There are 2 protein chains.
Amino acid sequence: MVRGKIQIKKIENTTSRQVTFSKRRSGLFKKAHELSVLCDAQVAAIIFSQKGRLYDFASSDIQKTIKRYAEYKGEYFVAESHPTEQYVQGLKKEMVTMVEKIEMLEVHNQKLMGKSLAFCSLKELQEIATQIEKSLHIVRSRKAKLYEDEVEKLKAKGRELKDERVRLSGRVGEEPSGMPMPSGSKEKEDVETDLSIGFPKTRS
Amino acid sequence: MVRGKIQIKKIENTTSRQVTFSKRRSGLFKKAHELSVLCDAQVAAIIFSQKGRLYDFASSDIQKTIKRYAEYKGEYFVAESHPTEQYVQGLKKEMVTMVEKIEMLEVHNQKLMGKSLAFCSLKELQEIATQIEKSLHIVRSRKAKLYEDEVEKLKAKGRELKDERVRLSGRVGEEPSGMPMPSGSKEKEDVETDLSIGFPKTRS
DNA sequence: TATGCTATTTATAACCT
DNA sequence: TAGGTTATAAATAGCAT
């Protein structure tokens, strides 16, 4: 005889609570079963009692249902934190390509540096030598060009300093107090260049 | 107005079935909730509709409930096809390292081949030139060694052929019908070597 | 497709054995 | 602790909107 509505809050009386648990549990499972049959749905229910005992119901294989649940959540709800297997396969493929490229480059590098030549044929060695000779030529040209530019820059700097000195001596008097300036000498520019080479280093 | 008891079997009318599904589903979840509160139990329910849509209820965290279930049963419900974000981050980090390595190797390669020198300092150019010179020296030595070995092998072959001819001529008679054999000549070995160089090619 | 209504079925709280 | 009884609350089938 139900005396009135019950409040949905924890039943404090242990005996009542256990009885209610047992009855409502079977009620819930019955409803779950009916739902699955009436509506052709896949239903699973898991209950842990307060004491930690497990009760479960599933309209079909509960493991399959839970797996399906995990996959569903993985695909649609937490997609960002669960990349697909396909995506990872793509990454791995890329990595294989990269590893191959690294190996290829390393071998090439080694050969260009005169290492790991033990298994090279004469013909291959000839090709490498030709390549290296070509490289050496280019690098030397570039070095020469850079050196030339440097020298040119320093010469310009030297001329600038000379002009400055001339202007200064003009203002102070007829006799410049600094080093005497040779004039008309063919060697002059070279001498000044040599001096100037040291200048930027002591300045900077 | 309920006209009478219903049979617990699949509702054939689609509309009715969907309405019943919706109503009974919320009824089930309500019962599940009440059970969890009244009896202090941990309750989870998973429903897949006929169309494959997921509905779930859990009195606490459903993942925890499923995990507890898995532990209780001693089974795992990992969605195999979904690698963890952490794993993918690891892969990506590796890839970044590999990309850096490739770039480094490519730059080094380019420099060894006399390319992309535009931004090299004089000092760097000097280092590259030194490296290339060293490489060239090694490659040339190796080439020389290989060539020497080849010549040595061919000379041995030449001597072998000479011995063979001597043996053959001894059997046929005093006069060998082949080419006459010069002897005591200083040029002899070189001549034979030159001949022999062509031999393996025509044979193989 | 969802929500409201209501007659009726179903679940169940309290009690009993 | 389990199962049965019963008065009552709750759920819900069929219909309407």
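Values below: all heavy atoms of this structure, side chains included; hydrogens, waters and symmetry mates excluded. Chain letters run A, B, ... following the sequence lines, proteins first and then strands; every chain starts at 1. Note that the structure is predicted; figures quoted are calculated from it, not measured.
- Using a cut-off of 4.0 Å between Lys/Arg side-chain N and Asp/Glu carboxylate O, A/Arg68 and A/Glu71 are scored as not salt-bridged.
- Legend: ring-ring contact (aromatic ring centres under 6.0 Å, His included) pairs involving residues 97-141 of chain A, not counting sequence neighbours: none detected.
- For A/Ser36, the side-chain contact (heavy atoms from CB on, under 4.5 Å) partners at least two apart in sequence or on another chain are A/His33, A/Val43, A/Ser59.
- Taking atom CZ on A/Arg53 and atom C1' on D/dT1, their separation rounds to 13 Å, with Å as the unit.
- Salt bridge absent: B/Glu164 and B/Arg159 never bring a charged side-chain N and a carboxylate O closer than 4.0 Å.
- For residues 19-32 of chain A, the side chain to side chain donor-acceptor pair (under 3.5 Å) pairs, not counting sequence neighbours, are A/Arg24-B/Glu34.
- Atom CZ of B/Phe21 and atom P of D/dG14 are 18 Å apart (whole Å).
- For DNA chain D, the residues of residues 22-42 of chain A within the heavy-atom distance limit of 4.0 Å (strictly under) are A/Lys23, A/Lys31, sorted by number.
- Note on B/Thr20: a side-chain N or O is less than 4.0 Å away from OP1 or OP2 of D/dA13.
- For the pair A/Lys5 NZ and D/dA11 P, the computed distance is 10 Å after rounding to whole Å.
- Judged as a side chain to side chain donor-acceptor pair (under 3.5 Å), the pairs with a partner in residues 113-128 of chain A (not counting sequence neighbours) are, in order, A/Gln110-A/Ser116, A/Lys111-A/Glu124, A/Gln126-A/Thr130, A/Gln126-B/Lys143.
- At whole-Å resolution of the value, CZ in B/Arg17 and C1' in D/dT12 are 18 Å apart.
- One finds a salt bridge joining A/Lys145 and A/Asp149 here, because a Lys/Arg side-chain nitrogen approaches an Asp/Glu carboxylate oxygen to under 4.0 Å.
- B/Leu28 is not listed as a side-chain neighbour of B/Phe57, based on a closest heavy-atom distance of 4.5 Å or more.
- Two end axes, each from the C1' atoms of five base pairs, can be drawn for the helix from C/dA2-D/dT17 to C/dT17-D/dA2; they diverge by 40°, to 10 degrees.
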Stepwise, does the side-chain contact (heavy atoms from CB on, under 4.5 Å) test hold for A/Arg17 with A/Gln50?
CA-CA 10 Å; A/Arg17 190 170 62 239; A/Gln50 198 190 21; 3.1 Å; yes

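- At whole-Å resolution of the value, CG in A/Asn13 and P in D/dT1 are 11 Å apart.
- The side chain of A/Ile6 sits closest to C/dA13 out of D/dT1, C/dT1, C/dA13.
- When rounded to the nearest whole Å, the span between CD1 of A/Ile11 and C1' of C/dA14 equals 11 Å.
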